[in-house]
Amino acid sequence: MEYTPTEMMIVAAARALAGVRTVFVGVGPPNIACNLARRTVAPQLELIYESGVFGARPARMPLSIGDPALVSGATMVCSQADLFGLYLQGGRLEVALLAGAQVDRFGNLNTTVIGDYAHPKVRLPGSGGACEIAINVGRVFIMMPLSRRSFVERLDFLTSPGHLGGRGERSALGMPGRGPERVITDKCLLGFEGGEMVLERLHPGVTLEEVQAAVGWKLRLSSPMGTTEPPTVEELRILREELDPQGVYRR
Amino acid sequence: MEYTPTEMMIVAAARALAGVRTVFVGVGPPNIACNLARRTVAPQLELIYESGVFGARPARMPLSIGDPALVSGATMVCSQADLFGLYLQGGRLEVALLAGAQVDRFGNLNTTVIGDYAHPKVRLPGSGGACEIAINVGRVFIMMPLSRRSFVERLDFLTSPGHLGGRGERSALGMPGRGPERVITDKCLLGFEGGEMVLERLHPGVTLEEVQAAVGWKLRLSSPMGTTEPPTVEELRILREELDPQGVYRR
Amino acid sequence: MKLTSMREAIATYVHDGDTVAIEGFTACISFAAGHEIIRQGRRDLVLCRMTPDLIYDQMVAAGCARKLVFSYLGNPGVGSLHAIRRAVERGIPAPLELEEYSHFGMVGRYLAGAWGLPFFPLRSYLGSDLPRVNPHIRFVKSPYGGEEIATVPPLRPDVAILHAQRADVHGNTQLWGLLGVQKEAAFAARHVIVVVEEIVDEEVIRADPNRTLIPGLIVDAVVCEPYGAHPSYVQGYYDRDNAFYLRWDEISRDEAGTWGWLEEWVYGLPDRKAYVEKMGAEVWERLRPGEAWSGAVNYGAYR
Amino acid sequence: MKLTSMREAIATYVHDGDTVAIEGFTACISFAAGHEIIRQGRRDLVLCRMTPDLIYDQMVAAGCARKLVFSYLGNPGVGSLHAIRRAVERGIPAPLELEEYSHFGMVGRYLAGAWGLPFFPLRSYLGSDLPRVNPHIRFVKSPYGGEEIATVPPLRPDVAILHAQRADVHGNTQLWGLLGVQKEAAFAARHVIVVVEEIVDEEVIRADPNRTLIPGLIVDAVVCEPYGAHPSYVQGYYDRDNAFYLRWDEISRDEAGTWGWLEEWVYGLPDRKAYVEKMGAEVWERLRPGEAWSGAVNYGAYR
């Protein structure tokens, strides 16, 4: 059955959530992935939105993390102070899905600027909650399409800490969370060893050369190199018919 | 018209609230005094209870600061965190009425122990909110019956700071509130000069000797010494008919 | 577990030596839980409450506690807590260690625990003798201008027990009236027992998500115990039994009276249901308030 | 004053050079106030918001601002804020200074301001470049074990402008749905303007005191401005106009388009009433949600 690289990425992210109880989620592909996980590998998964909504049961696919459809019928709505204080910093959230304009081999993320901070080539949105999420949430899954523009040797700006310079640096600073554990892309899946990214699986039909060509540093490889199971008919059906009927996230 | 010393104390406290907008209040005589003030000299006075109730309109005289009658029909109810954080420490409260088992010439209060802390002769309730109220509220009115047991040369324990050792010590420590401004008793009214209590007015029929005999240090006197206006018929009517029909606080 | 009996909940989550917080500011104090802890004979508990109230006076009299962490030690609107004073002043039935804060200090301790902070800063304790007798109260310099401000350390109870009006079977709990530190105590604790007047359908909770104070996510056990907060009160369900608060002042003045009461109303009864029956219908009738409805708001259906 | 017009409220409480916070996380963003500030030609404002959103994009395009204090600079769910990017990247219409935090950092700044604290501690910024470019982000050693934790300083806006569903004439304000930092921003500010969909009788507020988020005590002006939050939304009253958020992405791509829109929808109109009429009934019809009622709770009548 045909599927797009983005669909493969979403399905892979959903599978990675197997057994997870609480996930801190934004809109777009991460939101689709979490909802797919609930309908497949993680029925007990609870989604917590940065807007302060817990146990949402939206009657439509939310268009922003602040969509009113997330509020009506939710289990609880809390202030931003409670969300970041009680839930995130309070250690109640297991996993967060993060992305960035740039990521380096240690899973550090840049969502602030391209170029110099004082005179940016491109001014990006900035941290939002990402910096404290990266520090406090139990485990971070990075979910973004693979490209040489994004997977860089050196970040222009470190917005949200991954493993910083490598093994042990997070714990030395006393960070509550364990940091990035997986990187889920449209071409492959990566893990971390000693704080550095390691290529673990290629998506069906993707070559090692393609992947290396889309990464700004010499990738460490796990051996044996695995291949991702393609999306099942059921995964694609839920994705296309229930979660994204307009096909917004299929491209 | 006849009246008791306690009634004189309550009436004097009510009059002291003229022009005040927000008062932090407990139950008993202070609560009666605040309600009398609202009906006489301070119609705009807003009562805030330590239990987190604002704009209460109780259908009965509350028997504790947590009385459910304070909640039903109130303008707002907030958590204790909001009460102490947003209202008290946030600088929203003008006046608080405080009392203690012991007070010294500088208006420092003891509500913790009589005797040694480790082996107390009498174990008192402790601070409650008094310590932070004494530090943060705009002005403190001390309201307690005059007696040699309470007005002492040396406190057994300093629970809530008044003017500490005297002039300027509060501001040196960076306390937001200005500290004790008046002492309202059943025999007289006192103010503060340079952080020390000064006798300003005697209630009708009370002699200077009686007052000095009930105070554990040599009282400073203001000259000329004034005399308190006795309770008016209207003040006594409201007090007895509307606020304390059972006469609980009349004795 | 989640929905369970008080006996089960206490047996599972309250152990000898645990740090326990039964909170509720005047309202929603889980006497039902306190009495079950007494019945199960727990010992050496560190009891945390802003206002120990009658419930801890009874638990101390029964010998459950070795230490009290508190900020106001009185029978609100009445006077002293005699059993606790006996323990403190004369070591009866056993010596009781005191760790003493102000109200805001206790709030700050729960907040630091709930927020995962190493300390909470507050403008209190300056010039007071409290820091002298409690070494956990410290001071820190602000990194903006170097001003000194007091701090308290996080409080992380092994278990927090909170009473509320209603919850669903998942433990999503709604509370109205005085909120006290119920939310902060729940999030600060390692385990949470919620005790409610009513178990309601999940849809009742979901109809008003802003009213939810404690999410099922952090709740280990839900116990349905009508009148479980008596002699304290539950807004809209029953009034405070001020007569009992006055009577306790006499009952508790000597050990004999205190023990007599505990024998009759705690040890002598199997559970809260028996207490409610023994108390009698006329008491509940006397304490029943009239109706005062909140009105409803529209959240909107967004499709 | 209290109950007044938007024109009066802005004229009285917003001055050139002021620090202004128009808050609201996706919901309840007072576009009505922002547009009136543009109409009154305010200059050199320091604009504070976690998510500047379209409202600050428009105010920056109109030349009202000299500085932005924020934590997320985007058009939520769409992309960039082009006018702000023009100001930052190319100084059009004027250079714009940025003071940048994370969401939690902004929340902490409002909390410190509202709580009268010299700083707020939070577990963020470790290892990030943000403290390097923002000297207001500092670190302090915990007095319990010496661990280092980040701090932010208090934010005390000259005026905070909050939109909500309803208030009484005294400014007692009730809000449901997303709460954002509305309460913290209000208490942090020196002056507070509350903008609501409806003015209700004091009895409506008093029927549900736990629903009151901002007390009249701290409110200087109350403005009734139906649809005043469009194109953002108000829970239960109207939906977010996502179509407009998408359109703004095109409108704002060049200065001409941006100016054209400001001319037509802000400068060209006397007030919000005209905006609502010009927008047309079918838009409000399209955005009207179905009903989803909260249900009512009983507070009890205690006599």
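In this text, all values refer to a predicted model and were calculated from it rather than measured experimentally. Order of the sequence lines fixes the chain letters, A, B, ..., with proteins taken first and strands second; residue numbering starts at 1 for each chain.
- Using a 4.5 Å cut-off between heavy atoms, D:Ile84 does not touch chain A at all.
- Only the side chain of D:Phe25 comes within contact range of chain A, judged by heavy atoms closer than 4.5 Å.
- Taking D:Gly79, D:Gly177, D:Ala292 one by one and counting their heavy-atom pairs under 4.5 Å with chain A, the maximum is reached by D:Gly177.
- Residue D:Gln235 comes nearest to A:Pro68 through the heavy atom pair NE2-O, 3.3 Å, listed as atom of the first residue, atom of the second, then distance.
- Of the listed residues (D:Gly127, D:Gly108, D:Gly105), the one with the most heavy-atom contacts under 4.5 Å to chain A is D:Gly127.
- Contacts between D:Arg123 and chain A at a heavy-atom distance below 4.5 Å involve backbone atoms as well as side-chain atoms.
- Using a 4.5 Å cut-off between heavy atoms, A:Leu63 contacts chain D through both its backbone and its side chain.
- The contact list for residues 76-95 of chain A toward chain D, using heavy atoms and a distance under 4.5 Å, reads A:Val77, A:Cys78, A:Ser79, A:Gln80, A:Ala81, A:Phe84, A:Gly85, A:Gln89 by residue number.
- Against chain D, the residues from residues 114-123 of chain A that qualify, each with a non-hydrogen atom under 4.5 angstrom away, are A:Tyr117, A:Pro120, A:Lys121, A:Val122, A:Arg123 in number order.
- Residues D:Glu100 and A:Ser127 approach most closely at OE2-N, 4.5 Å, considering heavy atoms.
- Atom CZ of A:Arg167 is surrounded by 12 or fewer heavy atoms from other residues, nucleotides or ligands within 6.0 Å.
- Looking at D:Ser128, both its backbone and its side chain come within 4.5 Å of chain A, counting heavy atoms on both sides.
- Around the CZ atom of A:Arg154, the shell of radius 6.0 Å holds no more than 12 heavy atoms that belong to other residues, nucleotides or ligands.
- Looking at A:Ile135, only its side chain comes within 4.5 Å of chain D, counting heavy atoms on both sides.
- Heavy atoms closer than 4.5 Å to chain A are found nowhere in D:Met106, neither backbone nor side chain.
- Proximity to chain D (any heavy atom under 4.5 Å) is shown, for A:Pro62, by neither the backbone nor the side chain.
- Heavy atoms of A:Pro125 lying under 4.5 Å from chain D belong to its backbone as well as its side chain.
- For D:Leu111, the part lying near chain A is the side chain, with the backbone staying farther off; criterion is any non-hydrogen pair under 4.5 Å.
- In this structure, chain D has a heavy atom under 4.5 Å from the side chain of A:Ser64, while its backbone stays farther away.
- Put simply, of D:Gly74, D:Ala150, D:Gly180, the one with the most heavy-atom pairs under 4.5 Å next to chain A is D:Gly180.
- Listed by first and then second residue, the ring-ring contact (aromatic ring centres under 6.0 Å, His included) pairs involving residues 120-152 of chain D are C:Trp115-D:Phe120 (not counting sequence neighbours).
- Note: D:Tyr233 leads D:Tyr233, D:Trp176, D:Tyr101, D:Tyr72 in heavy-atom pairs under 4.5 Å with chain A.
- Within residues 102-113 of chain A, the residues that have a heavy atom under 4.5 Å from a heavy atom of chain D are A:Thr112, listed by number.
- Among D:Leu73, D:Thr26, D:Thr51, the residue making the largest number of heavy-atom pairs under 4.5 Å with chain A is D:Leu73.
- For chain A, the option among D:Asn242, D:Ile149, D:Val234 with the highest count of heavy-atom pairs below 4.5 Å is D:Asn242.
- In A:Arg149, the CZ atom is not crowded: 12 or fewer heavy atoms of neighbouring residues, nucleotides or ligands sit closer than 6.0 Å.
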